[in-house]
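Numbered from 1 within each chain, the chains take letters A, B, ... in sequence-line order.
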Protein chains: 4
Amino acid sequence: MARHKSAKKQDAIMQATLHLVIEEGFHGLSMSKIAKKAGIATATIYVYFKNTGEIINLLYLNLKELISADIMKGYKDTMTTEKGFKVIWRNYFDSIRKYAREFQYLEQFANSPYITQVSKEEGRKQFKPFLDFFDQAMAHGDIKKMSQGLVLALFIAPMSSLAKNINSGQSQIDETAIELAMHSTWLAMKK
Amino acid sequence: MARHKSAKKQDAIMQATLHLVIEEGFHGLSMSKIAKKAGIATATIYVYFKNTGEIINLLYLNLKELISADIMKGYKDTMTTEKGFKVIWRNYFDSIRKYAREFQYLEQFANSPYITQVSKEEGRKQFKPFLDFFDQAMAHGDIKKMSQGLVLALFIAPMSSLAKNINSGQSQIDETAIELAMHSTWLAMKK
Amino acid sequence: MARHKSAKKQDAIMQATLHLVIEEGFHGLSMSKIAKKAGIATATIYVYFKNTGEIINLLYLNLKELISADIMKGYKDTMTTEKGFKVIWRNYFDSIRKYAREFQYLEQFANSPYITQVSKEEGRKQFKPFLDFFDQAMAHGDIKKMSQGLVLALFIAPMSSLAKNINSGQSQIDETAIELAMHSTWLAMKK
Amino acid sequence: MARHKSAKKQDAIMQATLHLVIEEGFHGLSMSKIAKKAGIATATIYVYFKNTGEIINLLYLNLKELISADIMKGYKDTMTTEKGFKVIWRNYFDSIRKYAREFQYLEQFANSPYITQVSKEEGRKQFKPFLDFFDQAMAHGDIKKMSQGLVLALFIAPMSSLAKNINSGQSQIDETAIELAMHSTWLAMKK
DNA sequence: GATGAATGAGGATTCATTCAT
DNA sequence: AATGAATGAATCCTCATTCAT
């Protein structure tokens with residue numbers, strides 16, 4: 001029998017890709033840079049991936065999964081809607097702070113030519129538990145009836161903006177501001 | 001006397017760049033494509049610009065200026081804060097809808113490795129009238145005291161998210177949702 | 001005891017090579033394609049052959065042997081020269097028609113850089129019975145004295161050209177033309 | 001104004017290609033080898049040609065033209081058919097002897113994956129005067145009625161085989177053999 | 001000023017071959 | 001024996017930039 005494909009090596013390739021995209025954007029990405037950073041030969045990458053797009057899309061899905069799990073952590077559907085709302089808001093906010101670099105990657109990916117239809121759909125699927133929470137809250141009459149687009153606009157957009165602002169060092173970490181943002185969002189969305 | 005550099009040609013180069021980035025993203029951009037689209041020779045670009053980065057950054061500043069002017073259109077400082085707030089919100093919202101492609105460029109640019117420190121600061125400067133409005137409103141006690149980061153998070157982020165959502169065709173144009181979003185923002189920010 | 005090299009597998013490799021060369025020419029040939037077609041691992045090929053050239057040359061010799069045998073089939077040296085001449089002409093002609101793909105390979109091989117001096121000589125050796133026929137016929141005074149080069153030019157070239165023309169579908173199968181070609185050749189060569 | 005494309009350089013590229021194909025076959029051909037042999041940078045080739053195929057096909061057509069002109073040289077349609085036949089036979093034979101290397105290229109080209117439909121047809125077109133001669137001779141009743149495939153088989157194949165044999169040094173130049181071959185062909189084809 | 005030609009550097013990908021199991 | 005993994009070298013081609021006119 002021959003040597004086995006090492007999960008370690010596949011991981012090294014994706015980690016190298018993640019770091020490079022964060023450091024230099026998708027524009028500067030190249031197979032030879034990935035290989036050098038991963039400590040392997042360029043041709044070895046092709047043992048694990050069919051082409052550049054495959055690395056980038058798989059990395060996207062892995063990160064999306066990692067983060068999706070994080071967002072619903074500790075949430076129970078026995079909680080009141082307001083309690084659940086705040087748990088999820090905090091999780092999401094903390095996740096962006098904790099996975100700052102991974103979120104940077106996700107954002108760059110969305111604006112890259114590499115994104116495939118499959119990845120888009122797969123990525124959306126992993127967001128289902130999050131969207132389900134709002135659907136149920138609307139069904140229960142705890143939250144105003146609104147489209148998914150408006151959920152994104154009212155819930156995610158301001159939170160994400162604030163978290164990224166803090167990440168970039170442009171704002172100080174200010175617990176009052178965070179509470180204000182979270183509370184404003186709840187007021188904006190609750191019935 | 002020698003021929004002069006023509007502003008017309010410089011403009012053609014930037015317009016070509018804008019269209020290309022919108023159509024194919026920064027990834028597919030190349031000097032030869034810009035030249036072909038602008039109807040000139042590749043080498044001629046170097047008469048007007050030092051390198052790729054210079055085109056991209058100047059285009060960024062031009063667009064930023066165009067849009068900044070739009071945002072404060074019709075606003076008078078004799079208006080009440082609430083009236084001014086709503087005029088600016090609408091202007092901004094309509095601007096993203098109207099200059100959808102230009103905003104796309106701006107977004108791609110912000111995530112590209114081309115952006116220079118100078119551009120960042122220059123771009124921020126053009127936003128001064130917009131930020132001044134909030135500073136004054138806070139000074140007058142009409143709006144809660146908050147950092148610039150929070151202004152971005154509460155005012156721009158949800159509005160921008162909604163506008164882009166409509167632009168991308170994912171949501172229907174829904175005047176109720178727009179009013180809801182604008183009103184929620186006012187509630188969140190007013191004292 | 002260790003497993004033995006299997007003649008079956010060696011054959012599968014050569015068959016795969018033959019088919020690939022016929023389908024895509026020497027240009028598209030690669031070890032990985034051969035392996036895939038033969039249903040084995042690339043590295044396994046190196047158990048049976050030293051390198052690409054060895055496969056190609058051995059295949060050449062195998063085909064040459066196959067065809068050489070065919071050409072003299074049914075010929076007896078008790079026949080008259082004219083009878084022998086016509087038997088061999090027909091055999092050869094039918095062989096090109098029957099082994100169209102194999103002849104294609106032989107031709108491509110002759111124009112490739114893979115051909116070795118050893119293969120050339122070995123290949124010529126297998127043609128000996130064919131050339132012996134003409135040597136004897138000249139010795140008996142039934143055929144004009146001529147060099148081997150002229151035998152090739154007058155006997156093989158027109159017949160081969162006609163057969164390949166029919167194979168390629170450019171000409172219809174036309175028994176009269178075949179008879180004409182064979183008869184003309186006999187007239188040209190007989191004393 | 002900028003530098004002009006030099007016909008010289010385009011020619012150098014095609015000459016380099018011709019030599020390389022003759023020396024190492026199509027298999028060994030590569031852009032970098034062509035560039036080195038032509039004394040220019042690899043990228044410069046792309047100023048003159050779109051891709052490898054374009055070089056190879058243009059070279060084919062150039063050689064085909066060169067040779068086609070040669071074949072009908074000195075032929076007048078006032079000649080008797082037999083006289084014309086022999087003039088053309090000799091021209092063709094001498095041409096293969098004189099342009100030995102170019103014919104080698106033509107042959108390799110026909111068995112390469114580069115050949116395009118356009119080239120095939122264009123190449124055939126240049127052979128028209130040659131084929132016209134036989135059509136007329138048949139119409140006049142001087143030559144047996146036969147298909148183009150049989151013209152190739154009876155006229156070109158033996159002559160070409162003989163010429164190449166001499167070129168390869170396998171046979172001595174033997175005027176008697178040449179006359180014999182030419183005469184046999186005439187006997188085979190005349191009515 | 002304008003531009004076509006020229007090019008070194010670098011891109012993705014494939015390949016023949018060797019290595020470790 | 002059999003084979004999957006690993007890789008250096010090579011392939012085609014594109015690009016930003018400079019040069020010569």
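- Between C/Phe49 atom CZ and F/dA2 atom C1' the separation is 16 Å, expressed in whole Å.
- Residue-to-nucleotide proximity on DNA chain F shows that, of D/Thr52 and C/Ala43, the 5′-proximal contact is made by C/Ala43.
- With D/Ser119 contributing its side chain and D/Ile115 its backbone, the two residues share no donor-acceptor pair below 3.5 Å.
- At least one side-chain nitrogen or oxygen of C/Tyr48 sits closer than 4.0 Å to the OP1 or OP2 atom of F/dA2.
- Within 4.0 Å (heavy atoms only), D/Ser30 reaches sugar-phosphate atoms of the nucleic acid but no base atom.
- The residue B/Lys9 sits close only to the backbone: its heavy atoms come under 4.0 Å of sugar-phosphate atoms, none of a base.
- Between C/Thr52 and C/Met31 the shortest heavy-atom distance is N-CE, 3.6 Å.
- Nearest nucleotide to the B/Ser32 side chain, out of E/dA6, F/dC15, F/dA1: F/dC15.
- Computed from coordinates, the C/Ile45 CD1 to F/dG4 C1' distance equals 14 Å when rounded to whole Å.
- Between F/dT3, E/dG8, F/dC13, one nucleotide has an atom nearer to the side chain of C/Val47 than all others, and that is F/dT3.
- Between B/Arg124 and B/Glu121 there is no salt bridge, since no side-chain N of the basic residue sits under 4.0 Å from a carboxylate O of the acidic one.
- Going from atom NZ of A/Lys5 over to atom P of F/dT7 covers 14 Å, rounded to whole Å.
- The distance between atom NZ of C/Lys36 and atom P of F/dA2, rounded to the nearest whole Å, is 21 Å.
- When each of F/dC13, E/dT7, E/dT3 is scored by its nearest atom to the side-chain atoms of B/Thr44, the top-ranked nucleotide is E/dT3.
- To the nearest angstrom, P of E/dA16 lies 9 Å from NZ of C/Lys33.
- For D/Asn57 (side chain) and D/Tyr60 (main-chain N/O), no donor-acceptor pair under 3.5 Å exists by modelled atom type.
- Each of C/Gly53 and B/Gly39 has a nearest nucleotide on DNA chain E; the 5'-most of these lies closest to B/Gly39.
- In this structure, B/Asn51 places its CG atom 9 Å from P of F/dT18, rounding to the nearest Å.
- As the counterpart of F/dA10, E/dT13 is assigned, both hydrogen-bonding distances of the Watson-Crick or G-U wobble pattern falling under 3.5 Å.
- If you check every strand for non-hydrogen atoms under 4.0 Å, D/Ile34 touches nothing.
- Salt bridge A/Lys37/A/Glu23: present, at least one basic N to carboxylate O contact under 4.0 Å.
- In this structure, A/Ile40 and D/Thr42 both approach DNA chain F, and ranking their closest nucleotides by distance from the 5' end singles out A/Ile40.
- Remark: F/dA20 base-pairs with E/dT3; criterion is Watson-Crick or G-U wobble with both hydrogen-bond distances under 3.5 Å.
- As a whole-Å value, the separation of A/Met31 CE from F/dT14 P is 19 Å.
- B/Tyr48 places a side-chain N or O within donor-acceptor distance of the main-chain N or O of B/Ser6, the cut-off being under 3.5 Å.
- Atom CD1 in C/Ile56 sits roughly 10 Å away from atom P in E/dA16 (whole-Å rounding).
- Contact annotation for C/Leu29: backbone-only contact, meaning every heavy-atom pair under 4.0 Å involves sugar-phosphate atoms and none involves a base.
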